[in-house]
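Written out below as structure tokens is the structure these notes cover.
What you see is a predicted model, and the numbers here were worked out from it, not measured in a lab. Excluded from the calculations below are hydrogen atoms, water molecules and symmetry mates; all remaining heavy atoms, backbone and side chain alike, are included.
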Amino acid sequence: AYGPIIEAHKDDPFTEQQKQWQLMRRGRYVEFNLVYDRGTVFGLKTGGRIESILMSLPETARWEYDHHPEPGSPEADIMDAFKHAREWV
């Protein structure tokens, strides 16, 4: 199911703004992983191999303080979906 989606969209064009958004979302993933993920925190606190832990993170990411996407943008829509439970079915 995932392969055909990737194949259909792997060459889709994207804007610099979309790339910056992707990097910011990756930054949020890194934040979650290093601060909140119990497995990662356990590994860091108990002498786990830091290189192995960090290798699981994205190679590139971005952080921007107090970022708010443009109202009505696809980015704002997905943030709303993240923050408010929906009945999808």
Side-chain angles (χ1 to χ4, degrees):
Y2 186 66
I5 294 170
I6 296 299
E7 189 61 35
H9 296 285
K10 69 179 182 172
D11 297 319
D12 286 359
F14 57 88
T15 66
E16 183 60 29
Q17 181 182 1
Q18 290 169 326
K19 183 63 177 178
Q20 293 303 312
W21 174 255
Q22 179 190 43
L23 293 174
M24 283 192 282
R25 296 309 307 155
R26 287 179 178 179
R28 296 294 295 189
Y29 169 77
V30 169
E31 175 187 345
F32 170 82
N33 223 359
L34 293 177
V35 176
Y36 302 107
D37 181 71
R38 290 185 292 178
T40 301
V41 172
F42 175 81
L44 291 171
K45 288 183 176 181
T46 59
R49 288 197 48 199
I50 293 183
E51 294 89 355
S52 297
I53 293 166
L54 295 178
M55 284 181 63
S56 71
L57 301 176
E59 186 175 341
T60 57
R62 176 181 174 87
W63 290 265
E64 197 167 308
Y65 181 75
D66 199 28
H67 176 75
H68 297 281
E70 186 75 30
S73 67
E75 293 82 7
D77 292 344
I78 194 66
M79 290 303 296
D80 182 64
F82 291 155
K83 293 177 180 179
H84 301 99
R86 296 181 185 183
E87 185 62 45
W88 293 100
V89 179

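- Look at Glu16 and Lys19 and you find no salt bridge, because none of the NZ, NE, NH1 or NH2 atoms lies under 4.0 Å from a carboxylate O.
- The cluster map of Ile, Leu, Val, Met, Phe, Trp and Tyr, joined by side-chain heavy atoms under 4.5 Å apart, puts Met24 and Ile78 in the same cluster.
- For the pair Gln22/Arg25, no side-chain contact is recorded, criterion being any heavy-atom separation below 4.5 Å from C-beta on.
- In this structure, Arg28 CZ and Met79 CE are separated by 6.5 Å, a value rounded to the nearest 0.5 Å.
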Donor-acceptor pairs under 3.5 Å, side chain of residues 39-53 to any protein atom, not counting sequence neighbours: which ones?
| from | atom 1 | to | atom 2 | distance (Å) |
| --- | --- | --- | --- | --- |
| Thr40 | OG1 | Asn33 | OD1 | 3.0 |
| Thr40 | OG1 | Asp37 | OD2 | 2.8 |
| Thr46 | OG1 | Phe42 | O | 2.7 |

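- Shown here for Asp77 and Arg86, the closest heavy-atom pair between the two residues is O-NH2, 4.1 Å.
- Scanning for side chain to side chain donor-acceptor pair (under 3.5 Å) contacts around Ser56 gives an empty result, with sequence neighbours left out.
- When the side chains of ILVMFWY residues are joined at heavy-atom separations under 4.5 Å, either directly or via intervening members, Leu54 and Trp63 end up in a single hydrophobic cluster.
- The 12-atom threshold is not exceeded at CZ of Arg38, counting heavy atoms of other residues, nucleotides or ligands nearer than 6.0 Å.
- Summarising the geometry of Pro71 relative to Ala76, their closest heavy-atom pair is CA-CB, 4.3 Å, with the distance given to 0.1 Å.
- Residue pairs that meet the salt bridge (charged side-chain N to carboxylate O under 4.0 Å, His left out) test with at least one member in residues 58-70, sequence neighbours left out, are Arg62-Glu64.
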Check against side-chain contact (heavy atoms from CB on, under 4.5 Å), Gln17 and Gln20: CA-CA 5 Å; Gln17 181 182 1; Gln20 293 303 312; 5.7 Å; no
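- Across all non-hydrogen atoms, the minimal contact from Gln18 to Pro13 is OE1-O, 4.4 Å.
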